[in-house]
Structures are given as C-alpha cells and as structure tokens.
Protein chains: 2
Amino acid sequence: MTTRKRGRPKADADRDLRGELLRTSRLLLDEGGVAALSMREVARRAGCTHQAPYHYFEDRESILATLVADGFDALAGRLKAANDLVIQQSVRTALIMSGRAYVDFALSQPGVFRVMFRPDVCNPMRFPAVLEAGGRARAELDRLTRIVHGSQATSEQASILWAHVHGLACLLIDGPLAMAFGTEQERQRHLEGVADGFADMLLASGAGGSSNPGRRRKKDVS
Amino acid sequence: MTTRKRGRPKADADRDLRGELLRTSRLLLDEGGVAALSMREVARRAGCTHQAPYHYFEDRESILATLVADGFDALAGRLKAANDLVIQQSVRTALIMSGRAYVDFALSQPGVFRVMFRPDVCNPMRFPAVLEAGGRARAELDRLTRIVHGSQATSEQASILWAHVHGLACLLIDGPLAMAFGTEQERQRHLEGVADGFADMLLASGAGGSSNPGRRRKKDVS
DNA sequence: ACAGTTAATGGACACTGTCAACTTGACTGT
DNA sequence: ACAGTCAAGTTGACAGTGTCCATTAACTGT
C-alpha cells in the first residue's frame, strides 16, 4: 500500500501548476466548448486533486476570466500590428489586415473567443483585468475607424466596422459559414473576397481620411 | 399526512405541461442565460416532478432545440415580411427593415438568439427541425442579397450582409454596445444611423439590382 | 374484462462546484 | 534552535445537476 503524500509537496519549480491549469483549460475550451471546462476535469488532467485549482483561482469563472483577459490582450496586439501597417502601407491594407487579424484570432482560439463575448458565462464586471484588456481591443478598433474615416469618424461608423468583423468571426466559428467550405483554401478565397468587397464599399463611399469631409457626420467616436 | 399522488393524474386538458415547460424554459433562458435553464428548475416552476419533462423531451438539449427551431422560424418570418416590402416600397426599405428585423429579434429574445448560434450548446445536426428552420432564415437572407445586388449576387455579398446584421445583434446583446446607451431612444438613434450608413455604402457601391451588372462577380449565391 | 399505452411518479447514480478543516514543507524573526 | 506564519496542497462533505430505472395510475381499443 503506497501511502499518498499529504500537504505541501517538496519544492518543484518546474511544476508551475497554475500555468498547467491554464493550458489545460484552454485545450478543454477549444475542444469541447465551455461546458467541457469543469474544475475537476482540469484538475484531473493537470494531475492534482480537485481542490488544488482553488488555490490559484477563486472559482470556475475566475479561470475563464484569466483566459478571456489574455484573449483580449492578444486580440488587441494583433489589431495594433495590423493598424500600424497604415504607416508603411495604405489605409486599405490596414483595414483588410485588421479584419483578417480579428477573424484569424477567432479561428485560432474559438473556445476563448466565444467566452470573450458571453457575459453570462464570464461577467467582465467582476474582473477589472478583463474590462481593461477589452478596452484596449476596443480602442484599437476605434483607431481603425479613424484611420478609415478620418478624425471626425462617428460612433456609427465604428459600429459598422466592428459589427462586420465580429459578425464574420461568429458566422465562421459557429454559424452557417462554419461548414460551408470543403477546403481551407476555399475558405481563404471566400474571406479574401469578403474583405475586398467590404473594403471597396467602405473606401468608395466618401471615406478617405481627413482629406475627405464628404458626408454629414453625426457624433465622434468616443 | 397527505400522501402524494402517483402514476398518471386525472385528465386535465387545461394543463398542457409541454407548453408550460417551453414557456418556463424561454423565461429562464432570457433571464439567467443558458446556465440557468436546468431540467429540475424548469420542472419545479412548471409544478411537476423532475422527471416529467423527460416524457416530452429526450434531454436538456432537446428542449433547447425546440426553442431554437421556433426561434429560427420566427426570425425567418420577420425577415420575409421585411423582404416583401421591396414590392410596395423600395430596395432600400427592404434592406433597412430586414436589418431592423434581425436586430429586433435578437433584442426581444436574447436568450434564445444566443443559443441559436451555439452548436456546442445545441447541436443542429441532432435536430432536423433546427436545420430546416435555420435554412429558411438563411434563404431569406440570401433573398435579401439578391434584392440588393441582383440575381447575380455572390456568396461574398451574402456574407457581408449576414455578418453585418449578425455582428450588430451580437454586439448589442453581449458586446460593448450592450451598455453603451443611457436610454432606449439613444440606442434607437444609433441603430438608425448605423442602418442608414450601411445602406448608403451598400447601395452606392454599384449595387442596384439586375439593372447594374457593374463590378466583377465571383460566385453566385447558393 | 383486460391488455396496452400514456403520463406521470420516486429513487438511485455519477458527476459537478464549492465550503470547511486539515497536513506539511519552507521560510521567518528571535 | 525553535516557535510561528504562510504557501500549497490534501481529504471529506454537501447540495445541486442530468439521466437511468422501476413503478403506478388513468385512459383506450378490443
């Protein structure tokens, strides 16, 4: 009979249980959806007892919140990189690459992406880090709006931009576009077509940065 | 000591337990999200034992599927009504009213709407009724695409349309637009602005029905 | 009258999140 | 050297969940 150890184990710096728990959680989330991420299953896969995770995370929602905050951070980073292209390249490039960044992120981490916009699963109000990171992503999209429409851009224009990329991402991971394509290449072609079409529409309708006051405005982007 | 009844109760045509269960489920879904809809809580509120619902629904997912199918039906109906406006009114009216129909539906039944696009919660493959109703809604959006872009409309144009309305709905019920407005009126103003802006963009960029072949096409809407 | 079906009942099981109490190793100041 | 504190776990328990199972009473067709 092998008596199990109790109490604190000997120092094992290579362990990093917290990191292991997060990695496992992200896997479960991407594989089986939010329902598959159970505290006990995470513990089981990480090789600890069902209570050990509670030492690092207050509750189940807290572990989700950590992933969500990281997700918004990563998204904001990708968007910033795409927006920065406006300097070396063109407005159109920045617009198209931002859209691709948003969609690529959703496709690469669908599990996390879904929870990022599900306040009933992970309530941002409880987690300041989530609010902050979400704000950074939002700021990057507002910046893109100004890149496209100039400094006088309206909040309505921001909504059109965000709705487009977000809707596209949602339809791709959960909606009818999830299974519409046979090959990955086919999907890429479609997405390029959508991005081109949207960019044409947006840039043709009197949007050309500050050099083009054009149509009547309503309210500035916050 | 009041001995509880067992077995089948006396006929009570006014009961309609199935309908009661569905109504209760929709309430729970809209109030506390999908996590709040538990088989036992539904049964409790409907005034039956925890097993009675299993007589009408195979499992929890099946009760969700019924609501989702009804949801897609209702959505398809609203979209059809909006699309039909093209006859008496204009293309622009049909486009704007379709967008409003989609958003209004999401706002009026947020709980159901969310599950409609969450295959990890309710897998459409399991429920033919969901697939069918979803197909009807999709067909209505494809029809709108042809109304706007003519019979040669591409699947990319359909994606742009769907992504716009769907993204907008998502951002309104769960995203940053959920709490961006103080008053209901404020939100309505914003939505009108978004709809106007989007319609301007779409109709200005060489989309005018079959009378305008215009830009190069790629692939027809299925 | 009687068998079969329908619409329920109550009990049990495994699983979940979380609370509480405990153990133990490592580090601290004296 | 040694008591005290903290970190990082441990085990055990509880209520709530979805679902399987056997049971039972009322209705239905023959």
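Heavy-atom basis, side chains included; hydrogens, waters and symmetry copies ignored. Every chain is numbered from 1, with letters handed out A, B, ... down the list of sequences.
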Q | Any donor-acceptor N/O pair, A:S108 side chain to A:F105 backbone, under 3.5 Å | A | yes

Going by the rule side-chain contact (heavy atoms from CB on, under 4.5 Å), which residues pair with [X] if we only count those two or more places apart in sequence or in a different chain?
X      : value
B:R15  : B:D12, B:L17, B:C48
A:R100 : A:M97, A:D104, A:E192
B:V86  : B:V91, B:A94, B:I147

Q: Scan residues 55-66 of chain A against DNA chain D and write down, sorted by residue number, each residue with any heavy atom closer than 4.0 Å; if none is found, say none.
A: A:H55, A:Y56

Q | Within residues 16-43 of chain B, residues whose heavy atoms come under 4.0 Å of DNA chain D | A | B:S38, B:M39, B:R40

Q: For B:R8, check side chain to side chain donor-acceptor pair (under 3.5 Å) against everything at least two apart and list the hits.
A: none

**Q.** Test side chain to side chain donor-acceptor pair (under 3.5 Å) applied to B:T93 - qualifying residues, sequence neighbours left out
**A.** B:S90

Q.
List the residues meeting ring-ring contact (aromatic ring centres under 6.0 Å, His included) with B:F72, not counting sequence neighbours, and say none if there are none.
A. B:F117

Does this structure show an ion pair linking [X] with [Y], if we count only N-O contacts that are shorter than 4.0 Å?
X      : Y      : value
A:R78  : A:D73  : no
A:D30  : A:R114 : no
B:R146 : B:D142 : no
A:E41  : A:R45  : yes

Q) Nearest nucleotide by nearest heavy atom, which residue falls closer to the 5' end of DNA chain D, B:P9 or B:R44? A) B:R44

Q) Using a cut-off of less than 4.0 Å, is there contact between a side-chain N or O of A:Y54 and OP1 or OP2 of C:dT18? A) yes

Q: Please determine if a side-chain N or O atom of B:R15 lies less than 4.0 Å away from the OP1 or OP2 oxygen of C:dT6.
A: no

Q) Could one point to a donor on the side chain of B:H50 or the base of C:dG11 with an acceptor on the other under 3.5 Å away? A) yes

Atom pairs under 3.5 Å, N or O on each side, protein against nucleotides 2-5 of chain C: can you list them with distances?
none

Q) Any ring pair (Phe, Tyr, Trp, His ring centres under 6.0 Å) pairs touching residues 47-71 of chain A, not counting sequence neighbours? A) none

(Q) For DNA chain C, which residues of residues 112-122 of chain A approach it to below 4.0 angstrom with any heavy atom? (A) none

(Q) Using the salt bridge (Lys or Arg N to Asp or Glu O under 4.0 Å) criterion, which residues pair with A:R18? Sequence neighbours excluded. (A) none

